[in-house]
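Notes follow the structure.
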Amino acid sequence: MLNLYNTLTRQKEAFNPIAPGKVKMYVCGMTVYDLCHIGHARMLTAFDVIYRWFAASGYEVTYVRNITDIDDKIIKRSAERGISPEALVEETIADMHADTNALGLLPPTFEPRATQHIGGMQDIISKLISRGKAYPAANGDVYYAVREFPGYGKLSGKTLESLRAGERIEVDPNKRDAHDFVLWKAAKPGEPQWQSPWGAGRPGWHIECSAMSCHHLGEHFDIHGGGEDLQFPHHENEIAQSEGAHGQQYVNYWMHNGFINVDGEKMSKSLGNFFTIRDVLGHFDGEVIRFFIVRSHYRSPVNFTDGILNDAKQGLTRLYTALRGLELPASTGIDWSNPYAARFKAAMDDDFGTSEAVAVLFELAGEVNKSGDLALARLLKDLGGVLGLLQRDPEAFLQGEAGSDGLSAEQVEALIQARKDARVAKNWAESDRIRDELTAAGIVLEDSAAGTTWRRA
């Protein structure tokens, strides 16, 4: 039985899908105004692993991860760059897909854009107004009336009274209550806009996800996920909108991944510790970044430093080294009765326990190194594949690509041959000099009776 932590109930629960054998999952994706950062990588990878595990467990999964392509930040950034919002969105989506490909993410079943669902958003807003849970204001905006939804705060545990006491909110004379939130924004000059029953304008952020999830998954579905920072107010507001409009439970299980901190502090541009995925890919292989994320439980906070990434690189190197030079039999699927596979499955069935699952991979690698057992090596690769790891040719990973100032594979091979020739000639000084040159260039030589292999440090 697969168990997962439900943010809504604050406990682990057995997963029981609405439709037997099927999973409907929605995850809040990117607002495409800039490059994705390493915190986004955590969220994207965490739910990619969850997606993969449901599929490996035999479920038919419909995975929806949206794109917010209309937003204040998009409008502001496009104006700063002197390009249209549409041009900025297309450029940024292409960058996002390049980054997700580098991290080894599977594409979601659907990747809807907010601007494709304006009509659905207006339908939900109209229902909310008719049910007394939203109201048009004098300024042309439409607001959700939070006091008309008795369940407001059930996801985050916040009450309106505690919010009023603990937060400063600018008084808006157009709102009935300071905590009411916008569903539809009246048009401003020069901004993208759509016609609506309340005048020209554009949607608020929260309503977008209610419309896109409803369109693809229905008014009631299994799982909604996203980063921990979205729990309030975004996901809280989604619940209020969706349940207020449709009169039934919106989502059964809410899942949230933990934050990435940088050197123990929250990532922030103002602190100068802000890193895009593209920044990190300039120094580390995408699979190393993925392994760094996967080896920690998705709900735990993770610290990000170069040292920790280097440690992840060494760990992934150990796993690939166990597969190096082996002619593996074709995969016939994972035998979950195998003791290693059974322990891996138990870990993943316990709220997607990737840290324990990765520990099984290391145990398998150790056994393969000792015994050379090809069946266990095949199992190592297949279990790694469930986590999106170990699917490349080991040599391709271990030898990698040279940096801009590094040695090419051809140069390394030429130096290894020169070293071999020096050793045949008993020119030990030249042999040592070449080895030192390779070591200084970040090349690790491994001599054996079968010859010399190499990898990048």
Side-chain angles (χ1 to χ4, degrees), residues 8 26 28 31 66 68-72 75 112-156 158-164 167 169-188 191-221 224 226 230-251 254:
L8 184 65
Y26 183 92
C28 289
T31 299
N66 77 293
T68 293
D69 60 346
I70 181 64
D71 174 84
D72 291 343
I75 294 169
R113 301 187 187 190
T115 56
Q116 298 168 342
H117 293 271
I118 300 295
M121 298 176 206
Q122 293 182 0
D123 288 344
I124 294 174
I125 295 170
S126 294
K127 287 181 181 177
L128 290 170
I129 293 173
S130 69
R131 295 184 177 186
K133 297 186 183 302
Y135 56 94
N139 64 350
D141 292 349
V142 179
Y143 294 98
Y144 189 95
V146 292
R147 291 198 176 276
E148 299 302 323
F149 184 69
Y152 194 81
K154 63 183 177 182
L155 179 67
S156 62
K158 299 176 184 289
T159 65
L160 290 174
E161 286 67 30
S162 67
L163 289 170
R164 186 178 297 279
E167 297 183 13
I169 296 180
E170 185 177 347
V171 176
D172 184 340
N174 295 291
K175 294 182 180 182
R176 295 176 184 171
D177 185 283
H179 292 92
D180 291 352
F181 58 89
V182 69
L183 299 169
W184 187 260
K185 297 183 177 184
K188 293 180 181 178
E191 290 188 355
Q193 55 186 265
W194 290 262
Q195 292 301 315
S196 81
W198 319 285
R202 59 186 174 90
W205 176 38
H206 308 300
I207 194 65
E208 296 177 359
C209 287
S210 288
M212 288 183 278
S213 62
C214 176
H215 176 84
H216 288 287
L217 302 176
E219 296 174 1
H220 178 210
F221 55 93
H224 194 312
L230 298 184
Q231 185 177 338
F232 185 88
H234 183 52
H235 289 164
E236 194 75 72
N237 291 350
E238 273 192 70
I239 291 174
Q241 294 163 167
S242 301
E243 296 187 2
H246 302 135
Q248 63 175 312
Q249 184 169 353
Y250 177 39
V251 172
W254 286 86

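It should be emphasised that the depicted structure is a prediction, and the values quoted were computed from it without experimental measurement.
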- Task: Please report the shortest heavy-atom distance between V251 and H220, naming the atom on each side.
- Result: N-CD2, 4.5 Å
- Query: By side-chain hydrogen bond (donor to acceptor under 3.5 Å, both in side chains), which residues pair with Q195, not counting sequence neighbours?
  - Reply: none
- Side-chain donor-acceptor contact under 3.5 Å, S156 with Q231: no
- Please collect all salt bridge (charged side-chain N to carboxylate O under 4.0 Å, His left out) contacts where either partner lies in residues 234-245, sequence neighbours excluded, each pair once. K154-E243
- Task: Check W205, Y26, W254 against H235 for a ring-ring contact (aromatic ring centres under 6.0 Å, His included) and give me the one that passes.
- Result: W254
- So N174 and D141, side chain to side chain contact (heavy atoms under 4.5 Å, CB included) or not? Walk me through it. CA-CA 8 Å; N174 295 291; D141 292 349; over 6 Å; no
- Task: Evaluate the side-chain proximity of K185 to P203: yes if any heavy-atom separation is below 4.5 Å, no if none is.
- Result: no
- Should the ring pair Y250 and F221 be called parallel, tilted or perpendicular, given that the plane angle runs from 0 to 90° and is split at 30 and 60? perpendicular
- Please report the C-alpha distance between E208 and T68 in whole Å, then the side-chain angles of each, then the deciding distance to 0.1 Å, and finally whether the side-chain hydrogen bond (donor to acceptor under 3.5 Å, both in side chains) criterion is met. CA-CA 8 Å; E208 296 177 359; T68 293; 3.2 Å; yes
- Message: Quick check for you: to the nearest 0.5 Å, what is the distance between I124 atom CD1 and H215 atom NE2?
- Response: 11.5 Å
- Item | Summary of ring pair (Phe, Tyr, Trp, His ring centres under 6.0 Å) pairs that have at least one residue in residues 118-141, sequence neighbours excluded | Y135-Y143
- What closest approach, in Å, do A134 and V142 show between heavy atoms, and which atom pair accounts for it? CB-CG1, 4.4 Å
- Note on the structure: The reported gap from CG in D172 to CG in D180 (rounded to nearest 0.5 angstrom) is 9.5 Å
- Task: Give the minimum heavy-atom separation between A114 and I70, together with the two atoms involved.
- Result: CB-CG2, 4.4 Å
- Measure the shortest side-chain to side-chain distance between C28 and H234 over non-hydrogen atoms and say whether it is less than 4.5 angstrom. yes
- Could you name each residue pair satisfying side chain to side chain donor-acceptor pair (under 3.5 Å) that touches residues 115-134, not counting sequence neighbours? D69-T115
- Query: Can you list the residues that meet the side-chain contact (heavy atoms from CB on, under 4.5 Å) rule with P233, with sequence neighbours excluded?
  - Reply: H206, N237
- To the nearest 0.5 angstrom, please state how far the CG atom of L217 sits from the CE atom of M212. 11.5 Å
- Message: So, using salt bridge (charged side-chain N to carboxylate O under 4.0 Å, His left out) as the criterion, who are the partners of E191 when residues are at least two apart?
- Response: R202
- Task: Check whether any side-chain heavy atom of I207 lies under 4.5 Å from a side-chain heavy atom of Q241, and answer yes or no.
- Result: yes
- Message: Is there a side-chain contact between Q248 and S242 in this structure, where contact means two heavy atoms from C-beta onward sitting under 4.5 Å apart?
- Response: no
- Message: A side-chain contact here means heavy atoms from C-beta on lying under 4.5 Å apart; do L183 and L128 qualify?
- Response: yes
- Note on the structure: Shortest non-hydrogen pair, S196 vs W184, comes out as OG-NE1, 3.3 Å
- Worked check of side chain to side chain contact (heavy atoms under 4.5 Å, CB included) between S210 and M121: CA-CA 8 Å; S210 288; M121 298 176 206; over 6 Å; no
- For Y144, which residues count as a ring-ring contact (aromatic ring centres under 6.0 Å, His included) partner, sequence neighbours excluded? F181
